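Worksheet: one structure, shown below.
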4 protein chains.
Amino acid sequence: MSITESVSVTMAAMTPVKRQARAERTRAALLTAAREVFEERGFLDAKISEICERAGVAYGSFYTHFADKDAVFAELIDAMLAGLLAVMRAEPLNGDGPTARIASANRAYLRAYRKNARLMAVFEQVATFSPAMRETYLRAWGVFYDRQERAIREWQRAGLVPDDVEPRTAAVALATMIGRTAYTWYVLGRPHDDGDVEQLTRLYCRAIGM
Amino acid sequence: MSITESVSVTMAAMTPVKRQARAERTRAALLTAAREVFEERGFLDAKISEICERAGVAYGSFYTHFADKDAVFAELIDAMLAGLLAVMRAEPLNGDGPTARIASANRAYLRAYRKNARLMAVFEQVATFSPAMRETYLRAWGVFYDRQERAIREWQRAGLVPDDVEPRTAAVALATMIGRTAYTWYVLGRPHDDGDVEQLTRLYCRAIGM
Amino acid sequence: MSITESVSVTMAAMTPVKRQARAERTRAALLTAAREVFEERGFLDAKISEICERAGVAYGSFYTHFADKDAVFAELIDAMLAGLLAVMRAEPLNGDGPTARIASANRAYLRAYRKNARLMAVFEQVATFSPAMRETYLRAWGVFYDRQERAIREWQRAGLVPDDVEPRTAAVALATMIGRTAYTWYVLGRPHDDGDVEQLTRLYCRAIGM
Amino acid sequence: MSITESVSVTMAAMTPVKRQARAERTRAALLTAAREVFEERGFLDAKISEICERAGVAYGSFYTHFADKDAVFAELIDAMLAGLLAVMRAEPLNGDGPTARIASANRAYLRAYRKNARLMAVFEQVATFSPAMRETYLRAWGVFYDRQERAIREWQRAGLVPDDVEPRTAAVALATMIGRTAYTWYVLGRPHDDGDVEQLTRLYCRAIGM
DNA sequence: GATGAATGAGTATTCATTCAT
DNA sequence: AATGAATGAATACTCATTCAT
């Protein structure tokens with residue numbers, strides 16, 4: 001081992017940049033490992049020790065990067081929700097008419113949900129006992145409701161949806177229908193097929209009188 | 001009562017009855033206390049010791065009547081679900097036309113849900129980490145789906161609902177909409193009013209083309 | 001069911017004799033069941049509840065007949081030891097010469113031990129942590145030592161055993177050899193055959209210079 | 001020490017050593033305390049909490065070093081048996097003739113046993129109810145038997161012991177005599193003196209016809 | 001930043017024994 | 001005598017978090 005190599009392993013000799021880079025790597029490894037462990041065991045049975053083992057990081061190092069178990073989890077959820085939101089935003093809101101837009105929005109949502117189903121399951125779990133996570137949960141649904149509500153109001157303005165539809169209530173109910181059906185399919189494992197996605201869209205459209 | 005019968009009801013035979021009475025009282029007290037504690041603290045933070053204290057019963061007596069914490073909980077849930085089912089069955093399925101029936105069924109469901117909202121919340125919680133309770137959860141929803149499906153099929157036969165509605169998929173989606181909206185309102189506390197109930201029914205009816 | 005039969009089941013009507021007889025039956029059933037349970041589970045894992053179940057007797061009735069778990073056990077051990085002693089005493093101390101006598105005594109002891117091996121195992125177990133049972137244990141060995149010692153002294157008086165054999169020490173050592181070999185064979189399950197019994201006797205005789 | 005070596009021993013590399021040292025101290029303190037507590041109370045009444053108190057260590061630290069109560073105990077027993085074996089092996093097998101060798105081997109064994117008598121007592125206890133410890137127990141005796149058997153065979157080859165002595169049976173019986181007499185003396189507390197040791201050896205030698 | 005040993009609060013469950021009928 | 005419900009003491013083990021190097 002040359003002196004240079006040896007020195008590179010010591011702290012004093014590390015340049016700030018290298019130090020940061022190393023920390024970033026550790027942090028990333030912990031996040032990846034944490035997601036795996038949470039998905040496999042759920043929040044309650046996830047152990048910090050296992051996260052560290054998988055990340056190939058010392059036990060105590062976890063707390064160098066995260067305040068506590070809740071903090072890693074929150075970060076994973078935030079990232080996931082941001083990704084979900086990005087997918088939804090990427091979906092062109094205009095296009096071949098409202099029905100097609102609803103269809104493609106639903107498909108996009110369901111696809112994104114399925115990709116994150118295992119973490120979603122844990123999100124639902126934690127939201128049942130953690131006030132902080134319940135906040136996040138409500139906020140996420142709020143965003144979802146808002147999008148539907150905005151769309152419905154537009155359609156009403158365009159005369160595509162009758163006025164006796166109360167936009168907010170309908171938005172909440174239909175977002176719930178879509179969102180919870182995703183849970184039912186991908187988390188609880190209820191069988192379903194592509195035709196069901198179409199049905200879902202048809203129910204959605206008819207429900208608001210389209 | 002003949003002499004023979006009367007004589008046969010001596011000591012040995014009578015005592016069990018008395019015993020049962022006392023035991024039944026203890027058991028009932030534990031169940032009541034358990035429901036309270038579960039509702040206040042959730043499943044995870046519910047302590048057997050607190051249940052016993054509230055029931056005015058010695059710690060060990062809990063285990064005279066229930067195998068463990070899961071067992072009391074399961075019994076409470078079973079009772080609650082049986083009650084819910086009874087309410088749903090009590091609802092007359094005939095009457096002033098399908099729309100009115102749907103309306104009254106939804107009202108009945110929401111009313112019953114609200115009355116049990118706090119225990120429902122815990123039910124949802126436990127279903128996220130207990131395989132046994134997930135089973136119960138799926139079974140309960142299954143019953144709910146079945147009822148909707150049966151109704152939709154009847155309406156199709158009567159020509160009230162178009163044939164392009166796939167009864168099972170629609171049943172699952174709409175039961176989910178109603179059921180999860182109840183959770184959203186009564187467990188998560190989202191504001192709502194009586195008009196929202198009407199809207200819900202309207203969305204339901206329109207969705208299946210009624 | 002006739003009145004007479006019915007009455008016979010009640011306490012008030014039972015004659016003292018019948019009552020005693022019944023109690024005796026219950027007690028006997030408990031003893032039999034207790035032996036089974038102790039033998040199957042060892043003392044520590046033996047449960048009063050299981051003893052009562054097997055005896056077909058109510059839980060609380062156990063304490064009508066025995067002060068506690070230790071008491072039943074003590075009674076079983078006492079009975080077993082009395083039986084063992086009886087076997088040993090039945091063995092004719094005279095006969096075809098000392099060697100033959102030693103041989104038949106050993107055979108008798110080993111046979112009796114084997115028949116009680118499972119309870120013996122529990123006896124050894126309890127003697128390691130119960131002061132009272134250790135007393136019994138020491139007393140039982142004392143009796144065994146005494147018999148050997150007496151025999152050795154007789155043989156010395158008859159000139160069959162040299163005087164440099166210290167009767168007590170030899171008695172303790174050889175009784176230990178025989179007694180613990182029985183444990184090794186029948187409790188620990190070390191393989192052995194009939195030839196080994198002969199060997200044991202030969203070792204015994206030679207050890208004391210016979 | 002060269003510069004290279006010195007540099008390579010920086011932080012990361014040095015720390016583990018220090019850690020180990022502290023951990024080793026804690027571990028040793030726990031082992032010492034555990035032995036004390038087991039000896040005073042027996043296995044069943046030994047409490048982890050008391051072990052930790054005596055070791056001056058936090059409760060949880062016990063589990064940093066041992067999987068459970070059984071694990072510390074097993075380690076203590078293994079160490080004790082290794083020590084015993086070492087003593088026996090240290091005993092020169094050659095010397096002033098077989099009788100003197102037997103005498104000194106017996107003396108060595110009894111001395112070593114006495115030093116460990118209190119832990120031996122607990123070993124015997126645990127062997128009666130723990131399958132794992134019974135394994136260890138049988139293995140330990142097996143080693144003891146083997147040594148005697150080997151010696152007897154040698155003596156037979158040398159013409160010092162008659163051929164009608166079956167080496168294995170005699171080894172088992174005589175090892176049992178010596179080993180269990182040690183238990184009787186040092187654990188059960190039966191009175192004895194130095195003359196008894198000689199007697200024991202004389203019985204041993206005569207038994208195999210020496 | 002990394003390491004990993006130390007900390008200690010927290011709790012369900014068992015079961016011998018008692019006791020009211 | 002029999003019954004069986006009521007009692008409550010007793011304890012090993014987990015694991016998130018801290019902290020000294």
Side-chain angles (χ1 to χ4, degrees), chain A residues 9 11 14 18-20 22-24 26-27 45-50 52 57-70, chain B residues 11-12 14-27 45-50 52 57-65 67-70, chain C residues 9-12 14 16 18-20 22-24 26-27 45-50 52 57-70, chain D residues 11-12 14-27 45-50 52 57-70:
Chain A
V9 182
M11 298 200 46
M14 280 203 296
K18 277 185 186 164
R19 215 184 302 169
Q20 275 179 9
R22 184 186 179 187
E24 219 43 65
T26 303
R27 198 187 150 80
D45 293 334
K47 282 157 208 149
I48 304 292
S49 62
E50 191 177 358
C52 292
V57 155
Y59 203 132
S61 295
F62 178 88
Y63 291 90
T64 302
H65 300 282
F66 304 98
D68 52 26
K69 195 178 170 182
D70 296 56
Chain B
M11 277 255 139
M14 188 199 304
T15 314
V17 177
K18 280 186 189 164
R19 283 291 139 65
Q20 266 184 0
R22 187 185 178 188
E24 218 43 68
R25 244 178 297 133
T26 303
R27 201 188 148 78
D45 293 333
K47 283 164 213 140
I48 305 291
S49 62
E50 191 176 359
C52 292
V57 153
Y59 201 135
S61 294
F62 178 88
Y63 293 91
T64 302
H65 299 282
D68 52 24
K69 197 177 166 181
D70 296 57
Chain C
V9 182
T10 63
M11 297 202 47
M14 280 205 297
K18 275 186 187 163
R19 214 183 303 169
Q20 276 178 7
R22 185 188 178 187
E24 218 43 67
T26 302
R27 198 188 149 79
D45 293 334
K47 279 159 210 145
I48 304 292
S49 62
E50 191 177 358
C52 292
V57 156
Y59 203 132
S61 295
F62 178 87
Y63 291 90
T64 302
H65 300 282
F66 305 98
D68 53 25
K69 195 178 168 182
D70 297 56
Chain D
M11 277 254 136
M14 187 199 303
T15 315
V17 178
K18 280 187 188 163
R19 281 293 139 63
Q20 264 182 5
R22 186 183 178 190
E24 218 44 67
R25 244 178 297 133
T26 303
R27 201 189 147 79
D45 293 333
K47 281 164 214 141
I48 304 292
S49 63
E50 191 176 358
C52 292
V57 152
Y59 199 133
S61 294
F62 178 88
Y63 293 92
T64 302
H65 298 282
F66 305 99
D68 52 25
K69 197 177 167 181
D70 296 57

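Predicted model, so just to flag it, every value in this text is computed and none were measured. Each chain gets a letter, A, B and so on, in the order its sequence line appears, and its residues count up from 1.
- R22(D) places its CZ atom 12 Å from the P atom of dC19(F), with the value rounded to the nearest Å.
- Contact between C52(B) and A58(B) at its shortest, heavy atoms only, is SG-O, 3.8 Å.
- Between dG1(E) and dT21(F), the distance separating the two P atoms is 22 Å to the nearest Å.
- Between A46(B) and A58(D), the one whose closest nucleotide on DNA chain E sits nearer the 5' end is A58(D).
- With rounding to the nearest 0.5 angstrom, the CG atom of D68(A) is 8.0 Å from the CD1 atom of I48(A).
- With rounding to whole Å, K47(C) atom NZ is found 8 Å from dT14(E) atom C1'.
- A donor-acceptor contact shorter than 3.5 Å is absent between the side chain of K69(B) and the backbone of K47(B).
- Between S49(D) and dA12(F), a side-chain N or O to OP1/OP2 separation shorter than 4.0 Å is absent.
- The aromatic rings of Y59(D) and Y63(D) lie parallel to each other, their planes meeting at an angle below 30°, with 60° marking the opposite boundary.
- You'll find that the side chain of Y59(D) is closest to dA12(F), out of dA2(F), dA12(E), dA12(F).
- Mapping G60(B) and D45(B) onto DNA chain E via the closest heavy atom, the residue that lands nearer the 5' end is D45(B).
- In this view, D45(D) and R41(D) satisfy the side chain to side chain contact (heavy atoms under 4.5 Å, CB included) rule, not counting sequence neighbours.
- Of all the heavy atoms in H65(D) and R27(D), the pair that sits closest is O-NH1, 3.1 Å.
- Annotation: proximity of residues 61-70 of chain C to DNA chain E (heavy atom, distance under 4.0 Å) is found for Y63(C), D68(C), K69(C), numbered in ascending order.
- Computed from coordinates, the I48(A) CD1 to dA6(E) P distance equals 20 Å when rounded to whole Å.
- Where DNA chain F pairs in unbroken runs of 3 or more (Watson-Crick or G-U, both distances under 3.5 Å), the stems are E:2-21 with F:2-21.
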